[in-house]
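Note sheet for the following structure.
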Amino acid sequence: MRVIIEKNYEFMSKRAAEIIAEQIREKPDSVLGLATGFTPLGTYKELIGMYKKEGLDFSRVTTFNLDEYYPIPSTHPQSYHYYMQKEFFKHININLDHTYILDGLVKDVKAFCRWYEEEIRKAGGIDLQLLGIGRDGHIGFNEPGSSLGSRTRIKTLDAATIKDNARFFGKKEDVPKYAITMGVGTIMDAKRCLLLASGSDKSKVLTKAIEGPITAQVTASILQMHKDLIVIADEKASRDLKNKDYYQHIEKLTEELKTLTIEE
Ligand code: F6R
């Protein structure tokens, strides 16, 4: 696990976008796992800027989104379909046929979830999965108590998540109570994971996730077992980390190592 601490949201977003851009430059047909919510907005903005200014090429990229509310039509302004078009896809040269988002109105949920998992497999698996973290420790919509081996399925949302998301829907009663989400096991299958956390309201849960015990009560904590995890937190979100100095020390030395030359 690599933990990078940036001074604020803007720097966190720039750093995350740089990692995603590097992934695409190295493998132009990368498969990206994408998240919605507040946290990745700045990252998408940076990536759009890279497409416009430097021609970062998304034409061969495939994407799979983590989750979608249920039930919700894709035309609903709070659906994750709508979000992805508005905040990212319509601004870049991605082929929309290569963008997969869970269907918020599907009738046969089980068959659909199996199909989604199969499409991920057929695409060669997710190369880089972008993640935010919920205040209850969820990744995707894998709420506390979700099996750490779970696959894509329908989930009941935690009261805290419904309350958190009321800000987008106007009132609590309008927030869907269910979501279809990639499972924790699906997320863990990604070759690399990039977890972002910003703001003081994430500081406690981030500490639990990366420094606490691995538990289904904080599904993000399983990421400690991931073989290639990068966490980028801003100052506020990293406030409660016990090993903050240690992470900063390691990052500094890692940067220095890049410039190290061994004399003949
Ligand atoms: C969204 C998702 C969620 C969010 C999390 C944090 O696709 O999977 O796990 O990442 O709820 O949301 P924000 O970023 O709005 O604080």
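Numbering of ligands and ligand atoms starts at 1, following listing order.
At least one heavy atom of Lys202 sits closer than 4.0 Å to an atom of ligand 1. For Arg167, the heavy-atom gap to ligand 1 drops under 4.0 angstrom.
Taking a cut-off of under 4.0 Å to the non-hydrogen atoms of Gly37, the atoms of ligand 1 that pass are 14 (O), 15 (O). Under a 4.0 Å criterion applied to the non-hydrogen atoms of Leu66, ligand 1 contributes the atoms 8 (O).
Here the heavy atom of the protein found nearest to atom 6 (C) of ligand 1 is Ile133 O, 3.4 Å. At the top of the distance list for atom 15 (O) of ligand 1, counting protein heavy atoms only, stands Phe38 N, 2.8 Å. In terms of protein heavy-atom proximity, atom 14 (O) of ligand 1 is nearest to Thr39 OG1, 2.4 Å. Atom 2 (C) of ligand 1 has as its closest protein heavy atom Asp67 OD2, 3.2 Å. Protein heavy atom closest to atom 10 (O) of ligand 1, with residue, atom name and distance, is Gly132 CA, 3.4 Å. Of all protein heavy atoms, the one lying nearest to atom 1 (C) of ligand 1 is Thr36 OG1, 3.2 Å. Shortest contact from atom 9 (O) of ligand 1 to any protein heavy atom: Gly140 O, 2.7 Å.
Side-chain contact check for Thr161 and Asp136: at least one donor-acceptor pair (N or O, by modelled atom type) lies under 3.5 Å. Defined by atom type and a distance below 3.5 Å, a donor-acceptor pair is present between the side-chain atoms of Asp240 and Ser203.
Taking the ring axis of Tyr83 as reference, the NZ or CZ atom of Lys86 does not stay both within 45° of it and closer than 6.0 Å to the ring centre.
Residue Tyr44 is tested with Phe38, Phe58, Phe88, Tyr51 for a ring pair (Phe, Tyr, Trp, His ring centres under 6.0 Å); the sole match is Phe88.
Ser79 places a side-chain N or O within 3.5 Å of a backbone atom of Tyr82 that can act as its donor or acceptor partner.
Ranked by closest heavy atom to atom 11 (O) of ligand 1, the top entry among Glu68, Met84, His138 is His138.
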Pair Thr63, His98 - check side chain to side chain contact (heavy atoms under 4.5 Å, CB included), show working. CA-CA 6 Å; Thr63 63; His98 297 165; over 6 Å; no

Show your reasoning for whether side chain to side chain contact (heavy atoms under 4.5 Å, CB included) applies to Val3 and Met1. CA-CA 6 Å; Val3 182; Met1 173 170 70; 4.0 Å; yes

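Remark: Lys122 engages Glu119 in a salt bridge, criterion side-chain N to carboxylate O under 4.0 Å.
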